[in-house]
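Here the structure is laid out as structure tokens; the discussion comes afterwards.
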Amino acid sequence: MNTTNITDYLAGLDDTLQEIGEKLRPVIDAALPGVSGAMWHGHPTWSLGDKPGQNPICLLKAYQSSITFGLWRGQELADSSGRLISGARTMASVKLRAVDDIDPALFTDWLRQAYTLETR
């Protein structure tokens, strides 16, 4: 998928994945006011810097049957739900296969924690 903006990226996904992305995007935007999302390395990324990928906070990445919601410093977050799965370096993520996998309150908490880590 070769798109230049998040709207086109989400529009190009299969119906279920598109629905997941379109429900999650406003959760991210509301939790990170003033943080812009942009395409970076082929997927939506929300970063604090002036350029995509500069001080990244989170990403969405679509696969065949799921969307990964990743947090760059996710391993540093308090996660009482146990849903975040550790990845490379300090990354952690959750795989979303259905709209019901999105917990807006939980994801907002993660995002606010991640934002705080990046702005200290």
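Only a predicted model underlies this, so the values are computations on that prediction, with no experimental measurement involved.
- With 3.5 Å as the limit, one finds a donor-acceptor pair spanning the side chains of D79 and S81.
- By the rule that hydrophobic residues join a cluster once side-chain heavy atoms approach within less than 4.5 Å of another member, Y9 and I102 end up as members of one cluster.
- The side-chain hydrogen bond (donor to acceptor under 3.5 Å, both in side chains) test applied to Q54 returns no partner, not counting sequence neighbours.
- Counting heavy atoms from C-beta outward, I28 and F69 have side chains that approach closer than 4.5 Å.
- Applying the side-chain hydrogen bond (donor to acceptor under 3.5 Å, both in side chains) rule to K95 yields the partners T68; only residues at least two apart in sequence or on another chain are considered.
- A donor-acceptor pair under 3.5 Å is formed between the side chain of T90 and the backbone N or O of W72.
- One distance of note links CG of D14 with OG of S65; it measures 10.0 Å at 0.5 Å rounding.
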Please output the side-chain donor-acceptor pairs of residues 38-47 that fall under 3.5 Å, not counting sequence neighbours, one pair per line with the distance.
from: H43; atom 1: ND1; to: H41; atom 2: O; distance (Å): 3.2
from: T45; atom 1: OG1; to: H43; atom 2: O; distance (Å): 3.4
from: W46; atom 1: NE1; to: D29; atom 2: OD1; distance (Å): 3.0
from: S47; atom 1: OG; to: G53; atom 2: N; distance (Å): 3.2

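- E76 pairs by the side-chain hydrogen bond (donor to acceptor under 3.5 Å, both in side chains) definition with R73, not counting sequence neighbours.
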For residues 111-120, which side-chain donor-acceptor pairs fall under 3.5 Å, sequence neighbours excluded?
from: Q113; atom 1: OE1; to: A78; atom 2: N; distance (Å): 2.7
from: Q113; atom 1: NE2; to: A78; atom 2: O; distance (Å): 3.1
from: Q113; atom 1: NE2; to: D109; atom 2: OD2; distance (Å): 3.0
from: T116; atom 1: OG1; to: R112; atom 2: O; distance (Å): 3.0
from: T119; atom 1: OG1; to: Y115; atom 2: O; distance (Å): 3.0
from: T119; atom 1: OG1; to: T116; atom 2: O; distance (Å): 3.4

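- Between L96 atom CG and K23 atom NZ the span is 10.5 Å, to the nearest 0.5 Å.
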What do the steps show when you test R25 against T7 for side chain to side chain contact (heavy atoms under 4.5 Å, CB included), and what is the final call?
CA-CA 10 Å; R25 184 180 186 185; T7 300; 3.0 Å; yes

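- Follow the hydrophobic side-chain contacts under 4.5 Å out from L48 and you reach I6 in the same cluster.
- Placement of L59 and V27 in two distinct hydrophobic clusters is found when ILVMFWY residues are connected by side-chain heavy-atom separations under 4.5 Å, directly or transitively.
- Within the 4.5 Å cutoff, side-chain heavy atoms of F107 are placed close to those of R83.
- Taking the side chain as every heavy atom from C-beta outward, I67 and L13 approach each other to under 4.5 Å.
- In terms of the side-chain hydrogen bond (donor to acceptor under 3.5 Å, both in side chains) criterion, S36 has no residue partners (sequence neighbours excluded).
- In this structure, D101 contributes its side chain and A98 its backbone to a donor-acceptor pair below 3.5 Å.
- The shortest side-chain heavy-atom distance between L71 and M91 does not fall under the 4.5 Å cut-off.
- N5 places a side-chain N or O within donor-acceptor distance of the main-chain N or O of D8, the cut-off being under 3.5 Å.
- In the hydrophobic clustering of ILVMFWY residues, with side-chain heavy atoms under 4.5 Å counting as a link, L106 and L32 come out together.
- The closest side-chain donor-acceptor pair between T16 and R97, if any, does not fall under 3.5 angstrom.
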